[in-house]
Amino acid sequence: MRRSAALASVTMTGVLALTACGGGGAAPAGGGPGGSSAAPATGGTVHVLANADFSHLDPARGWDGGVNNFYRLIYRGLTTFGAGPGEESTKVVPDLATDTGTPSDDAKTWTFTLKDDLFFEDGTPITSEAVKFGASRAFDPEAGIGSPYGKLLLDAPKGYQGPYEDGDLDTIETPDAKTVVFHLKKSFPDFPSALTQPNFVPFPKGTGAAAAFDTKPIASGPYKLESYQRNASLKLVRNAYWKAETDTVRKARPDAFEWTFGLDAATIDERMLAGQGADADAIMGTPAIQAATVARAQAPQIKSRTLSGLGGCTTYMSLNMTKKNLDDVKVRQAINHAVDKDTVVAALGGSQLALKGTSIQPPTIVGRVDYDLYPHDVETAKKLLAEAGLAGGFELTLDTRPVPKMQAAAVAIQEALKQVNITVKINNIDTSTFYEVIGTPAQQHDAAITGWCPDWASGATFLPPLFDGRNITAKGNANLAQIDDKKINDRIDEIAVMPDVQAANAAYGELDKQIMEQAPMVPLAYEKVVTVTGSNIAGAYLSNAFSGGIDFVSVGLAKPTK
């Protein structure tokens, strides 16, 4: 349940693309309009040019699309996402486990068996005890600040503070070295998807205290950390104890990966377009070139090494239902009709860079229903406002950030609502504190331009955090509408325990439409991703699992240099 990676980070304010891809995926890079499917050769070093460092190397602490993608190079879990463009990247597949688990007790208990020949980077075997220890770190008050799924799903004694403070978590059983049994708080048929999250990574028992993994992680994947200078550089080299025959996901073709951090976004664009020297072996650390670079990326020699597709997130305007006037559904529906999403798309860079939003969930979500309850219609908006006794209009405050495209989107909304006599006051909040402010109900204004990305391609990680009234909190609140509707809450509970995950996803698609009948938000756009790869890069494709960025586990070099 993470905020839009494109919106939450100043390093990704240009989530763009050249053309829409229906499934959000793209073909591999390298030759031809769709790219070459040629696999990379073995060897060489892939360089990654990045604006900013990773949030945390410790997977219990970090939690966003960019760092989750990086984690797959050095860490393995019981399950993970598949490797491949589009929908392939959202499939949940076994990783350290032999399969995606066996449920019992109405999916409140899950049993997994580990594969043979699994080792950490120092040769220590990866056992069920290591899985248990790694998962229990999610409860540590200092370490467990990343993905919430461990704490949300795993049964634990009240007040349990993780393994460093309180020892073993008895609700995770380890009957033998290869078997691990999880006991959950409640039925959760989609638990294998939750296990793809980074806070379920195993570690040798007793390791990682005092943020040790942020500087010296213990690898279970094909690469390990060789050197790291915070905010400057990071290098991964091969982990000799990783065995390819145990791993059906990671290709591990390069000998090494090297990140360079702290580069200006414009500098990254220029270096990728030029593709000189080592930059021919480079990819971008964020999935987006800047809007000003898009036209140049259409040149034939560049287009052949450009990937584009949907980023898998929704950019939207929240409507605070506790505020005067916005507490009337007719007013919220009027605002939805009045906002001209074509002008918002234009503000975000045009149809090449964004797709008009209609539903809450983006097109990359499994089970998503395509509908449009509120087509642009100024007269209908005026009629609804008149019915609400507000034909003369009113004033609302719109929170946003001093980022050019967000400013442009705010102005587009301001101009659209002016036509129905709603005066919009744009309130700029510093980017570094924006989500903290709008996530504190006491500091919320009437509306905010924000965004949301799923943790996996299911409504389970989109609708509950944004619209379950029981999730409203005094700080870190994601339910910006502050909607607390018993019918919605009950339906969320019903869907959550459906034994058929596919049926549950379809039900979330219908719930999306049911929620939008109350108009707690205005879906604005589904932004797209464009990235340029080096001319010697092979096997690159965009992954729906990581906010549309290049999946690191399959990328490599066409012709490695010695």
Side-chain angles (χ1 to χ4, degrees), residues 1-4 22-24 65 79 81 86-87 89-92 100 103 106-107 147-149 152-153 184-197 310-316 318 336 355 357-374 450-472 478-481 483-524 526 544-545 547:
M1 305 178 211
R2 61 185 182 273
R3 304 180 187 107
S4 166
T79 65
F81 294 113
E87 292 182 1
S89 64
T90 63
K91 291 180 179 178
V92 175
T100 54
D106 194 26
S147 172
Y149 294 104
L152 288 174
L153 297 176
L184 310 185
K185 295 177 182 178
K186 57 184 179 181
S187 174
F188 196 75
D190 205 14
F191 187 56
S193 294
L195 287 176
T196 63
Q197 299 304 291
L310 288 172
C313 309
T314 298
T315 300
Y316 68 96
S318 63
N336 267 273
L355 180 68
T358 55
S359 65
I360 298 167
Q361 300 172 109
T364 52
I365 293 291
V366 177
R368 183 242 193 193
V369 175
D370 188 12
Y371 69 89
D372 188 0
L373 289 181
Y374 305 106
T450 183
W452 196 259
C453 300
D455 290 311
W456 59 89
S458 165
T461 69
F462 225 100
L463 302 184
L466 298 183
F467 303 106
D468 188 333
R470 296 160 297 185
N471 289 339
I472 299 172
N479 185 342
L480 301 182
I483 183 173
D484 188 5
D485 182 282
K486 188 175 187 303
K487 289 184 179 179
I488 292 173
N489 297 347
D490 289 347
R491 186 56 179 154
I492 286 173
D493 287 344
E494 292 167 0
I495 298 172
V497 297
M498 286 184 175
D500 186 333
V501 174
Q502 185 174 357
N505 285 328
Y508 278 122
E510 293 298 329
L511 179 59
D512 185 315
K513 189 173 182 180
Q514 177 186 334
I515 292 170
M516 275 307 297
E517 289 173 356
Q518 296 196 42
M521 63 177 281
V522 181
L524 297 173
Y526 313 119
N544 287 350
S547 304

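All heavy atoms count here, side chains included; hydrogens, waters and symmetry mates do not. Quick caveat: nothing in here was measured; it's all calculated off a predicted structure.
In terms of modelled atom types and a separation under 3.5 Å, the side chain of N544 and the main chain of T364 share no donor-acceptor contact. Between the side chain of Y508 and the backbone N or O of I365, no donor-acceptor pair lies under 3.5 Å. With hydrogens and angles ignored, the 3.5 Å screen pairs no side-chain donor or acceptor of Y149 with any backbone N or O of F191. Judged by distance alone, the side chain of S318 and the main-chain N or O of L480 form no donor-acceptor pair under 3.5 Å.
Once rounded to the nearest 0.5 Å, the distance linking CG of L524 with CG of N336 reads 9.0 Å. The distance from atom CE of M521 to atom OG1 of T450, rounded to the nearest 0.5 Å, is 9.5 Å. The NZ atom of K186 sits 12.5 Å away from atom CG of D106, with the distance rounded to the nearest 0.5 Å.
When all heavy atoms of F467 and I488 are compared, the closest pair comes out as O-CG2, 3.9 Å. The minimum heavy-atom distance between P454 and G312, with the atom names listed, is CD-O, 3.1 Å. Closest non-hydrogen pair, S89 versus F81, comes out as O-CB, 3.4 Å. Between I472 and I483, the shortest heavy-atom contact is CD1-O, 4.0 Å. Residues T90 and E87 share a closest heavy-atom pair of OG1-O, 2.8 Å. Smallest separation of non-hydrogen atoms from N471 and P464: ND2-O, 2.9 Å.
Looking only at side-chain heavy atoms (C-beta outward), I515 and P520 come within less than 4.5 Å of each other. A heavy-atom distance below 4.5 Å is not found between the side chains of K185 and L153. Side-chain contact between T314 and Q361: absent, with no pair of heavy atoms (C-beta onward) separated by less than 4.5 Å. Proximity of P148 to Q197: side-chain heavy atoms (C-beta onward) are nowhere separated by under 4.5 Å. The shortest distance between side-chain heavy atoms of D512 and Y371 falls below 4.5 Å. C313 is not listed as a side-chain neighbour of Y526, based on a closest heavy-atom distance of 4.5 Å or more. The shortest distance between side-chain heavy atoms of V522 and Y316 does not fall below 4.5 Å. A 4.5 Å side-chain heavy-atom check between W452 and L463 finds every atom pair outside the cut-off.
Qualifying side-chain contact (heavy atoms from CB on, under 4.5 Å) partners for N489, counting only residues two or more places apart in sequence or in other chains: D468, R470, D484. Considering only residues two or more places apart in sequence or on other chains, D500 meets the salt bridge (Lys or Arg N to Asp or Glu O under 4.0 Å) condition with none of them. Contacts of A506 classified as side-chain contact (heavy atoms from CB on, under 4.5 Å), with partners at least two apart in sequence or in another chain: none.
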Checklist entry - How far apart are the C-alpha atoms of R368 and S359, what are their side-chain angles, what is the distance that settles it, and do they pass the side chain to side chain contact (heavy atoms under 4.5 Å, CB included) test? => result CA-CA 9 Å; R368 183 242 193 193; S359 65; 3.0 Å; yes

Checklist entry - Can you list the steps and then say if V501 with D190 is a side chain to side chain contact (heavy atoms under 4.5 Å, CB included)? => result CA-CA 6 Å; V501 174; D190 205 14; 3.8 Å; yes

Next on the checklist: Show, in sequence, the C-alpha distance, side-chain angles and deciding distance for Q502 and V366, and conclude whether the side chain to side chain contact (heavy atoms under 4.5 Å, CB included) test is met.
Outcome noted: CA-CA 8 Å; Q502 185 174 357; V366 177; 5.7 Å; no

Checklist entry - Run the side chain to side chain contact (heavy atoms under 4.5 Å, CB included) check on V497 and D493 step by step: do they pass? => result CA-CA 7 Å; V497 297; D493 287 344; over 6 Å; no

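A donor atom on one side chain and an acceptor atom on the other are found under 3.5 Å apart for S458 and N505. D485 and Q518 form a side-chain donor-acceptor contact under 3.5 Å, judged by distance and modelled atom types alone.
Ring centroids of W456 and F462 are separated by 6.0 Å or more, keeping the two rings apart.
Taking 4.0 Å as the cut-off between side-chain N and carboxylate O, K513 and E510 do not count as a salt-bridged pair.
Heavy atoms from other residues, nucleotides or ligands lying under 6.0 Å from NZ of K487 number 12 at most.
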